[in-house]
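Working notes, structure below.
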Amino acid sequence: MDHTLGLSLPMSAACPPRDPRFATTLAHGLALLEAFDATHAALTNKELAERSGLSKATVSRLSLTLQAHGLLECGPGERRHRLASAALTLGYPLLAGLGIRREARWGMKQLADELGGSVSLGLRERARMIYVETSRSSNPIAFRPDVGAALPMLQTAMGRAWLAAAPEALRREVLALLRRHLPAAWAQWRGSVGPAIEHLQRHGFCVSHADWQSDVSAVAVPLNAPADAEPLVINCGVPIRSLRPGELQSRVAPRLMALARRIEAHWRAATQPAMPVALPLEVVHGAASGTVSHAHTLSRGLDLLQCFRPGEVQLGHAELTRRLRLPGPIVVRLTHTLGALGYLRRGAAGSGYRLGAATVALGYPLLAHLRARQLARPGMMALSERVGGAVSLGFRHRSSMVYVESAWRGDARLVPPDIGTPLPMLSSAMGRAWLAHASAAQRCAVLNQLRVRDPASYARYAPDIEQARQDLARKAYCSSRGDVRKDVYAFAVPFSRPVDGLQLVMNCGVLAARFSFAQAERQVAQPLCELVRQVEAALGLRAAQ
C-alpha cells in the first residue's frame, strides 16, 4: 500500500467473499509488507496493526515469519520493524527477465540528459503503474522516480497511455476496479480516459500537464511488444519550468516516440539478450518452520515467490509443485492468491506463472528511505563523468552484495547492474570491501556461508580477502582486477559506520581497455575515497572537512 498516494487496493478487491481458494493468511502477511511506504521507514506492531487492519497478535505472528524470510528486520531491543534486503531482491528475477530494459537503458539515459528530465518504463499492477526502469538527468529540479515506485492510472501520462492502448475488455476491467476501490480518484479523473484514447489514436502518445506532480509535465508512449511480452509504457517527465509553451508536444513527444520505435526494433531483433552478471538468488525454504507461532501458509507463499530465479521467465504448476515439495491443491491455492494480489500473473494461454509487478513495488520503500542514496547521487554522477566509469552504492544481502544506486555516463558498454542485482561477494571489489571492513565474527559467518554454498569460488577467491584487509588498512579501498567482468577494473570503499542500520559500500568500475590497472587506481581510487568521506560528512557520520 502506498498510503501517501492512495494507490493501493483493499484486500477485498482481490478476494471475492467466501472464495475457498483465497489464502487469507498469505494475503495478511503481504499486507504487512505493503504497509511500509515512502514516509514510513519503521513501524511498530501497533502501527502495523492500524495500517493493515489486523490484530496486534496476528501482526506479531506474521512478522516472525517475514523476518525468517529476510523481508523484515527488527534489531535486538528494537520495537520497530523495517523492510529488509529480501524485499529488494524478491522482484529481481522479474526485472532480469525484462530484456527490453537492457535494450532501452542507453537510449533512455541519452534522452533524459538531452531533455533535462527523467525517462522511465512501467508496467501495470492491477489499478496502478509500477516503474521497472528509470533514467534521470543530473538536473537537480528534475522529478526523480525510482524502480518499484507506484503511480496512479488516471492522472499520469503513463497510466493514460496504458489505458488507451489496452484491449477494450481489459480496459473496462481496470476502470471498474478504479471506480469501486479508488472512488475519489475516479470522480476527479474519469473524464481523462476518453481524451487519452483519442489523443493516442491521433498522435501516438498521451500527456499529463502537472496532473500528478504539480511541477512536472509528462508524455507517454505504449510499446508495441512481441507476443506474450509484458505490455510496457515508456514516458518522459520534464520540469514545467524547463518547457516553453507547446514544447511538450513539439519537442519532447517526437523524441520519445522515436526512442520507442528504436527500442521496439532492438527488442524484436534481440533473441537472447545477455543477462547481467549476477548470482542466483538464495532461497530460504521453510524458514523457522519449527516455531510455534510460524505462519505456514504465509511461509509457503513466500517460498513460492522465491522459487523464481533470474533467467526463468515463467514456471508451470508442475515445476512449482516439484520445487516446493507440496501437494498440487495447496500450490493452486497459493498461486490463485498471489495472482489476485498482483504478485503473480498467468502466461499466455495459461502456460505458466510469471512474477507480477507487485514484487518490484515491495522494495521501493526501502530504497526511498536510504538517505545515502539521495545525498550521494550528485557526487556519484560527477565522479562518473570525471573518470568515465560507473559508480554504485550497495549493501550485503545474505552472502552477496546488492546494488541500491548507480550513476553512469559515457559508455554503453559500462551499464551497471540493476538495482536489486545480487553480486558475488568474494570476486567483486564491493564484496571484498564489505568483508575487509566487517568484524571478525561477521566476516567468519559470511565466509562460512560462502564455503558451503559455492566451494569452487571460495577456493579460488577466499585467499584474496586477507589482501583486501591489508589494502583497506593501508590504502582505504579494495579492488578487483577483472574478476567479475574481465573488461572492468573496480575499486570500492566501505562507509566507516552503518547508515540507518546498513553497512554501505561505494564502488567505481572503469573499462580496462582505457587504462592500465595502475592508471585506473591513480585516477579512480582517491576521488572515490574522497566522495565517500563527503557523503559521510553530509550524513553526520564524521565532521565536515
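Everything numeric here is computed off the predicted structure, so don't read it as measured data.
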- Task: Please name all residues satisfying side chain to side chain contact (heavy atoms under 4.5 Å, CB included) with V147, sequence neighbours left out, ordered by chain then number.
- Result: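 Side chain to side chain contact (heavy atoms under 4.5 Å, CB included) check on V147 returns L95, T134, V360.
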Inset, instruction - With sequence neighbours excluded, tell me which residues meet side-chain hydrogen bond (donor to acceptor under 3.5 Å, both in side chains) with E247. - result: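 side-chain hydrogen bond (donor to acceptor under 3.5 Å, both in side chains) check on E247 returns R244.
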Tell me whether [X] is salt-bridged to [Y], with the criterion being a basic N under 4.0 Å from an acidic carboxylate O.
X: D215; Y: R241; result: no
X: R514; Y: D487; result: no
X: R373; Y: D146; result: yes

Backbone N or O of [Y] within a donor-acceptor pair of the [X] side chain at under 3.5 Å?
X: R160; Y: S192; result: no
X: S208; Y: Q155; result: yes
X: S384; Y: M380; result: no
X: S214; Y: A210; result: no
X: T335; Y: V331; result: yes

(message) For E319, give me all partners under salt bridge (Lys or Arg N to Asp or Glu O under 4.0 Å), at least two apart in sequence or on another chain.
(response)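 Counting only residues at least two positions away or on another chain, E319 forms a salt bridge (Lys or Arg N to Asp or Glu O under 4.0 Å) with R322, R323.
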Spacing of [X] atom [atom1] and [Y] atom [atom2] [to the nearest 0.5 Å]:
X: L338; Y: L304; atom1: CG; atom2: CG; result: 6.0 Å
X: S135; Y: D113; atom1: OG; atom2: CG; result: 8.5 Å
X: L43; Y: R51; atom1: CG; atom2: CZ; result: 5.5 Å
X: L154; Y: L175; atom1: CG; atom2: CG; result: 7.0 Å
X: E405; Y: S392; atom1: CD; atom2: OG; result: 8.5 Å

Within-4.5 Å side-chain heavy-atom neighbours: [X] and [Y]:
X: N507; Y: L393; result: no
X: N235; Y: V119; result: no
X: R128; Y: L151; result: no
X: L115; Y: C236; result: yes
X: V532; Y: V535; result: no
X: L178; Y: M153; result: yes
X: V233; Y: L121; result: no
X: Y343; Y: L302; result: no

E264 and its side-chain hydrogen bond (donor to acceptor under 3.5 Å, both in side chains) partner, picked from R261, R262, H266 |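 It is R261; the other options fail the test.
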Checklist entry - Looking at Y353, is R346 sitting on its ring face, NZ or CZ under 6.0 Å from the six-membered ring centre and within 45 degrees of the normal? => result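 Positive - R346 is close enough to the ring of Y353 and near enough to its axis.
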Item to complete: Taking all non-hydrogen atoms of both residues into account, name the closest pair between L355 and L90 and its distance.
Response: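 Heavy atoms only, the tightest pair is CD1-O, 3.8 Å.
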Taking every non-hydrogen atom, the tightest pair across S217 and L248: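 Minimum heavy-atom separation between S217 and L248: CB-CD2, 4.0 Å.
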* **Stepwise side chain to side chain contact (heavy atoms under 4.5 Å, CB included) test for L170 and R124** => CA-CA 12 Å; L170 183 56; R124 179 184 69 95; 3.8 Å; yes
- Working for side chain to side chain contact (heavy atoms under 4.5 Å, CB included), residues T421 and Y92: CA-CA 6 Å; T421 302; Y92 169 66; 3.3 Å; yes
